[in-house]
There are 2 protein chains.
Amino acid sequence: MSEHKELDERKKQILKSIIDDYIMTAEPIGSRTIAKKSVLGISSATIRNEMADLEEMGYLEQPHTSAGRVPSVKGYRMYVDSLMDMSVLTKDELLFIKENLEGRIDRLVDLIKQASNVISQITHYTSVATAPKISKSKIRNVQLLYMDPKRVLMILVTNEGMVKHSTIHLEGVAHPADIERVSRILNEKLAGLTVEKLNVQLIHEIQKEFGVSKDFLFSVMMDIAKTIQNENSNESEVFMNGTTNIFKYQEFTDSDKARAFFDFMQRNELINRIMLPQGEKGMIDVKIGSEIKIDEVSDFSIVTTSYSLGDYMVGTIGVIGPKRMEYPKVISAMDYITKELNKELEKMFGEENVKDD
Amino acid sequence: MSEHKELDERKKQILKSIIDDYIMTAEPIGSRTIAKKSVLGISSATIRNEMADLEEMGYLEQPHTSAGRVPSVKGYRMYVDSLMDMSVLTKDELLFIKENLEGRIDRLVDLIKQASNVISQITHYTSVATAPKISKSKIRNVQLLYMDPKRVLMILVTNEGMVKHSTIHLEGVAHPADIERVSRILNEKLAGLTVEKLNVQLIHEIQKEFGVSKDFLFSVMMDIAKTIQNENSNESEVFMNGTTNIFKYQEFTDSDKARAFFDFMQRNELINRIMLPQGEKGMIDVKIGSEIKIDEVSDFSIVTTSYSLGDYMVGTIGVIGPKRMEYPKVISAMDYITKELNKELEKMFGEENVKDD
DNA sequence: GTTAGCACTCATTCGGTTCAAGTGCTAACA
DNA sequence: TGTTAGCACTTGAACCGAATGAGTGCTAAC
């Protein structure tokens with residue numbers, strides 16, 4: 001019974017062994033198993049004593065008296081923070097990632113989807129990604145297209161080449177020629193601006209200069225702002241891959257558990273909550289079970305990190321899997337993939353942004 | 001033992017009773033159950049005889065000798081084709097559908113997604129919809145935007161107001177002013193055309209008239225065609241709702257079955273196969289178990305129908321659920337929702353198409 | 001043609017036994 | 001004092017056989 005809370009070296013080794021084993025088997029680990037596998041020339045009885053200590057300290061739990069031990073959240077925490085071996089991806093994995101991310105993808109969202117897809121294939125867990133938020137993005141081009149007397153189609157291209165569109169419903173009646181004229185004016189006046197720059201002054205200015213209807217200008221600008229800021233609302237669009245991987249892990253073969261998982265994965269607001277960017281840039285954030293603070297996923301762990309371009313476009317990618325996740329593997333995969341993704345983003349949009357500023 | 005294969009009235013009644021019951025309970029149905037519930041003043045022994053006949057004729061099956069009977073695919077087929085009562089949606093359901101489809105949706109795909117969503121909520125099964133195919137659609141507007149010396153963004157608006165975009169990679173180096181000029185020319189020349197009209201002659205014509213680079217024109221046109229025809233390739237984009245409803249049905253609580261279902265639902269090529277438009281316009285197509293001809297879903301039934309606008313835009317919506325599906329309810333829901341959807345599409349795009357022709 | 005009655009089948013349930021894994025504790029040992 | 005062998009004890013899982021009961025098919029009588 002160590003009277004301080006610091007774990008001595010041997011306890012650490014034992015804890016690590018238990019967790020390594022548990023991650024592979026999902027079965028409670030007994031003292032004999034560790035005694036046999038561990039390099040420490042130590043009997044099972046001694047290990048039993050140590051395990052009792054570790055349980056008392058809160059690193060391990062016992063499903064029932066005659067079963068082996070299972071890691072607690074605190075145990076996993078310790079494991080992730082200071083016990084686990086770092087892992088390296090195999091040559092094949094690195095190649096697989098590169099091949100699937102480099103080059104041939106033109107669209108921002110397709111790239112993100114692909115990154116998510118790659119992560120779930122490499123890790124064998126479920127991966128989630130949120131679409132990038134681009135509130136600080138500049139307007140490259142705005143175009144209004146006459147649809148019918150009551151509707152105008154607004155197409156917006158941001159500096160990154162993202163294309164958004166929406167339909168504007170008119171109060172009055174419009175003529176194609178008018179719409180086209182306003183379209184030209186707006187394109188000229190708004191190009192290069194960020195959403196924040198769209199304000200009442202600007203409307204006045206344009207109105208004065210060109211004599212365009214104030215109401216119409218107002219609804220168009222509102223629409224543009226909404227269209228961009230949709231991306232920026234508290235609910236981002238979410239991409240998922242490998243949800244069925246959950247069935248690979250015995251603790252979720254029970255159909256109630258699986259169901260709970262799928263139900264959770266459909267709840268966008270909750271997914272968004274776990275996907276809030278955490279920590280500093282480039283940091284990989286690990287949350288284990290109850291640390292997530294959402295009851296529905298207290299049996300899971302999530303590993304998230306954010307991708308970005310400069311500081312004006314940000315999104316999050318993550319992995320969700322059982323608490324006994326292969327943390328080393330997931331972390332190294334996420335790290336590498338995020339870097340590749342960032343590189344790719346830089347390639348796609350990097351230079352222009354520098355150039356434009 | 002009726003010597004002809006035609007079922008007499010009583011057998012039909014019994015078969016219908018059994019299937020009605022089985023749909024509700026998913027338990028094999030015994031002769032006593034039917035004797036008690038049925039209006040025919042007939043003893044269980046007689047029903048036993050009839051059931052034996054029905055089994056011999058292939059309408060029923062017996063999981064094991066001491067169990068009740070279960071409908072066979074042939075039984076369900078008979079039920080769907082001529083036995084079942086038609087159902088009517090409740091006032092609340094009709095209202096729910098109207099409220100969720102009418103008005104307030106601007107975008108084509110959002111409307112389809114919403115229809116799929118509504119179907120899964122009304123039926124409590126999984127619903128699937130394919131994005132509309134629009135190969136015969138006309139070009140309303142084409143625009144090229146200079147991105148950087150090697151890339152041009154092409155934005156295409158179809159007559160229905162669908163916005164598509166893609167990035168064109170250039171061989172040579174382009175100047176913004178050139179791009180803009182070509183953009184104007186193309187917009188003028190291509191507006192109102194269908195994809196099929198984009199051919200080599202047209203390229204020559206434009207080249208002659210404006211002296212634009214042939215290579216460049218060619219790659220832009222290819223891109224436009226590809227962009228529209230993507231929609232028309234053998235793999236449409238698929239929208240799904242209510243996949244987790246599968247857990248509601250006891251025959252799929254077994255996690256292997258659930259897993260098989262989810263695995264299937266991820267296989268786009270298979271979903272596309274079951275979603276091929278069947279039968280005539282407005283027809284509701286029911287396929288039961290093995291009739292689907294895809295092993296992975298031989299435990300399911302699917303009900304599909306297509307939505308359309310004129311004859312140049314078509315997509316399919318469907319429901320997938322257990323073979324013991326509530327066919328009457330699903331069929332009436334699909335029927336009503338498809339009609340609402342078509343009305344909505346007509347409202348969105350109907351008049352203009354007439355006008356443009 | 002219908003039905004009562006009965007012997008038979010067979011999946012499911014339930015209690016009890018055994019089994020094996022694992023523990024905690026004690027006592028002996030280095 | 002820390003380590004270890006040994007042992008009694010706990011407990012979930014697996015196995016087994018009997019009882020249960022839903023349902024059948026068949027026979028014989030109506």
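Lettering follows sequence order; numbering is per chain, from 1. The shown structure was predicted, so the numbers you read here are calculated from the model rather than taken from an experiment.
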Using whole Å, report how far CD of A:Q62 lies from P of C:dA21. 17 Å
Can you check the B:E56 CD to D:dC26 C1' distance for me, whole Å? 15 Å
Using only modelled atom types and a 3.5 angstrom limit, is any donor from either the side chain of A:S66 or the base of D:dT11 paired with an acceptor on the other? yes
Mind checking if A:A67 touches a base, just sugar-phosphate, or nothing, with heavy atoms under 4.0 Å? sugar-phosphate
Selected nucleotide, minimal atom distance to B:I42 side chain, candidates C:dT3, D:dT4, D:dT24: C:dT3
Quick check: any donor-acceptor pair below 3.5 Å linking the side-chain of B:R48 to the base of C:dG5? yes
Rounded to whole Å, OH of B:Y22 lies from P of D:dG23 at a distance of 13 Å
Residue A:A45, side-chain heavy atoms: nucleotide from D:dT4, C:dT3, D:dT24 that is nearest: D:dT4
Is it true that, when you exclude B:R32 itself, more than 12 heavy atoms of the residues, nucleotides or ligands shown sit nearer than 6.0 Å to its CZ? no
Below 4.0 Å: OP1/OP2 of C:dG24 and any side-chain N or O of A:R69: yes
What does D:dA29 pair with, Watson-Crick or G-U, if both distances are under 3.5 Å? C:dT2
Under 4.0 Å, heavy atoms only, any strand: does A:S31 hit a base, just the sugar-phosphate, or nothing? sugar-phosphate
Starting at CD1 of A:I47 and ending at P of C:dG24, how long is that distance when rounded to a whole Å? 13 Å
Distance, rounded to the nearest Å, where B:E50 contributes CD and C:dG1 contributes P: 10 Å
Starting at CD of A:E55 and ending at C1' of C:dT23, how long is that distance when rounded to a whole Å? 10 Å
Find which nucleotide of DNA chain C each of A:I29 and B:H64 is nearest to by heavy atoms, and output the residue with the more 5' nucleotide. B:H64
Charged N-O contact under 4.0 Å between B:K16 and B:D20: yes
State which of C:dT23, D:dA5, C:dT2 makes the closest approach to the side chain of B:R10. C:dT2
Under 4.0 Å: is that the gap between some side-chain N or O of B:T65 and OP1 or OP2 of D:dT24? no
Do other residues, nucleotides or ligands put more than 12 heavy atoms under 6.0 Å from the NZ atom of A:K257? no
Please report the C-alpha distance between A:F247 and A:F262 in whole Å, then the side-chain angles of each, then the deciding distance to 0.1 Å, and finally whether the ring pair (Phe, Tyr, Trp, His ring centres under 6.0 Å) criterion is met. CA-CA 11 Å; A:F247 290 113; A:F262 284 105; 5.8 Å; yes
Step through it carefully: locate the ring centre of A:F252, locate the ring centre of A:F300, and say whether they are under 6.0 Å apart. yes
What is the distance, rounded to the nearest whole Å, between atom CD1 of B:I18 and atom P of D:dT24? 9 Å
Closest of C:dT3, C:dT23, D:dT3 to the A:T46 side chain is D:dT3
